[in-house]
Protein chains: 2
Amino acid sequence: MSNTNLKQLAAALGLSISSVSKALRDSYEISAETKKRVVEMANRMNYQPNPFASSLRRKKSATIGVVIPEIANNFFALAIDGIQMVAEQKGFHVLTYLTHENNTNEVSTVRHLLGGRVDGVLMSLCRDTQSVDHLTSLQESGIPLVFFDRVPEQMSCPTVTTDDYESGFRATEHLIQSGCKRIACLSLSHYLSISNKRMNGYMDALKKHGLLVENGLIVQCTNDNEYNLSLIKALLKGRKRPDGIFSTVEKLAISVYYVTQEMGLQIPKQLKIISFSNLRTASLLNPSLSTITQPAFEIGVEAAGLLFRMIEKKTFGNRIDKLELKSTLIERKSSERILINKK
Amino acid sequence: MSNTNLKQLAAALGLSISSVSKALRDSYEISAETKKRVVEMANRMNYQPNPFASSLRRKKSATIGVVIPEIANNFFALAIDGIQMVAEQKGFHVLTYLTHENNTNEVSTVRHLLGGRVDGVLMSLCRDTQSVDHLTSLQESGIPLVFFDRVPEQMSCPTVTTDDYESGFRATEHLIQSGCKRIACLSLSHYLSISNKRMNGYMDALKKHGLLVENGLIVQCTNDNEYNLSLIKALLKGRKRPDGIFSTVEKLAISVYYVTQEMGLQIPKQLKIISFSNLRTASLLNPSLSTITQPAFEIGVEAAGLLFRMIEKKTFGNRIDKLELKSTLIERKSSERILINKK
DNA sequence: AAAAATCACGAAAACCTTTTCTTAAATTAA
DNA sequence: TTAATTTAAGAAAAGGTTTTCGTGATTTTT
């Protein structure tokens, strides 16, 4: 609700609206001295162009949309941080939408975005998204679209991800080398490629080291935290308790800590664990948590960079960019080999 | 960049643009059957109204702006979560801006917002904001403005905060009752009222219990993490080391943990600590961290609620709402009394 | 049956910028 | 000195929606 508009500004200057507009946009049609006069008056009258009129006319919003499952999540908070940094640099605004891991929300958010409110979209899928119809329709509408981390497998689109398979493999191998024989895997969702890739890495590591892949040791978790806790409890109280856990996502590892604390189970003595995590306090936990840490901030930066390249040049679609960054495995106490009995 | 507009829709229906618009807005001027026809065709043609044209005409953006210091912060992430929930309920979009604790960014963000891009603003000040000129000008422009947590003291405006003074008092008293005699206070910023209120509570608790307020024990921290670490190190390595720390903000408590870990200082035996924090893993730290936990999500919900009341009724300004929620003190190991020597 | 009211819709202005197209004046070229 | 070009500015259309006002046709009132 800025009060002064071009009309008033023009009146105050004794110029036409069009000349003022051109002066402010630094058009060659306007003389240097007039430009100066206009800019000065604009500042004095505190003129702010109406963004809607401008967007309507230019068909550009200078806004990007970011669609993520949740914000109270260390990974996504860091990614947003990176995205915001790039957007600010480009003079763009950032509209954030949370799906709360609910596909219905994701679909309706995409429908909103179809309205043309944004010049581009960054997105990370929600755990229960199976059909990609809403995503392809967004893409087909001509709005540049880049996925990060949780990307769809069934469609051709630019993505920024991490080396999930390799990370899953290395994490599991690390547990094996620390002496684990029965390693469980806590999966985020069987629909998400990142979860499956991490799990495939896990399974291949088991196979490589001659360990059996047991279905009972692969726990498909849900979006209900309470229910996940009960799944984890069941896993750890079962007749054949695992001696290692590979958690594909931070939240589940934290749940494991709570359960072991409640059960009096000792990490790493009775149970070792390693998890994907961006927890800043991983090294301060009791015991410190071994993590595979994704470069979350950089993922945000790269995804935004990719998006802006698409927004700026119209020439997208010919080459589909797939960027893969590396995660780092940080060994800490929670997966430490116990050297009590000599062999 | 939705393709079909009202004009095309009208043509396809053999109606005028105005009738179609009215039908879609469910005007009483349009017959029920025509409305039905219009809605069906709109769906079939995948019509999405152009948000800029609509905003331009109605002088409403259905968007709120949220200005916060940082997003990779448990408190703010939770608050945003609450804000988003309310906004979504109201059918509003959320534009997020990060100041990175930098006043210059805050000022320029506010200038952008003055353009009328949003119907209301939720804000939490950055640590070095002293002058409130940019804030009053935003307020005077007629855009509803609500502050949460970090609120300005010098201006009259609606706010949502917590019982910071009392929480500071109780936290300090708790340390005293656990046996601390020399309690340090880690302050976020001497410009922010929340930091000062917490510190005042700290000082009054010391006085009540006959303890001296020592300037050397009040550490004004900065936005430079490395420098803060050195301040904390200096504090803990000084000739008269404190036996308790009251941290006004989570990040500083984490730094203390790192320093004590490095120095081999034992919490709570040699040093007790309590901190404002929304860390979900507080109870899993080594040792578990005593916290004053703010209802961050609720703060977001309440602040957004307040803002929407202002947006919906034009009648604001007569009564200034000041909401104060309660924080909860959770005692954990880090501030536990040590019962070694009988008295 | 005439007057009044209601109904269902259309025309057109308004919101504010941006941009294309004109145009008058000033400058350069012939 | 006239013709051609450049310069600096204005008029007006366009962008898509909403809303006010107007207008025939139908229904209700007296």
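Residue numbers begin at 1 in each chain, while the letters A, B, ... track the order of the sequences.
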| request: Determine whether the aromatic ring centres of A:His93 and B:Tyr97 lie less than 6.0 Å apart. | output: yes
Given atom [atom1] of [X] and atom [atom2] of [N], what is their separation to the nearest angstrom?
X       : N      : atom1 : atom2 : answer
B:Arg25 : D:dG16 : CZ    : P     : 17 Å
B:Tyr28 : D:dT19 : OH    : C1'   : 11 Å
A:Lys60 : C:dT17 : NZ    : C1'   : 14 Å
A:Leu6  : C:dT19 : CG    : C1'   : 13 Å
A:Asp26 : C:dT19 : CG    : P     : 13 Å

| query | Does the side chain of B:Ser193 pick up a donor-acceptor pair with the side chain of B:Glu153 at under 3.5 Å? | reply | no
| query | Hey, are A:Arg150 and A:Glu101 close enough for a salt bridge, meaning a charged N less than 4.0 Å from a carboxylate O? | reply | yes
| said: With a 4.0 Å limit, can you tell me whether B:Ser21 has a side-chain N or O closer than that to the phosphate oxygens OP1/OP2 of D:dT17? | reply: no
If you restrict it to nitrogen or oxygen atoms, what contacts under 3.5 Å exist between nucleotides 23-28 of chain C and the protein, and what is each distance?
none

| message | If we ignore hydrogens and angles and just use 3.5 Å, is the side chain of B:Gln294 paired with the main-chain N or O of B:Ile299 as donor and acceptor? | response | no
| Is the backbone of A:Asn103 close enough, under 3.5 Å, to the side chain of A:Asp128 for a donor and an acceptor to pair up by distance? | yes
| message | What verdict does the side chain to side chain contact (heavy atoms under 4.5 Å, CB included) test give for A:Ile71 and A:Ile68, after you've listed the backbone C-alpha separation in whole Å, the side-chain angles of each residue and the deciding distance to 0.1 Å? | response | CA-CA 7 Å; A:Ile71 186 70; A:Ile68 53 172; 4.0 Å; yes
| request: Spell out protein contact along nucleotides 9-15 of chain D as letters: B when the base is contacted, S when just the sugar-phosphate is, - when no protein heavy atom is under 4.0 Å; keep the 5' to 3' order. | output: BBBBBBB
| field | Atom pair OG1 (A:Thr162) and CD1 (A:Ile194), whose distance is rounded to the nearest 0.5 Å | value | 7.5 Å
| task | Taking the side chain as every heavy atom from C-beta outward, state whether B:Asp81 and A:Leu98 have any pair of such atoms under 4.5 Å apart. | result | yes
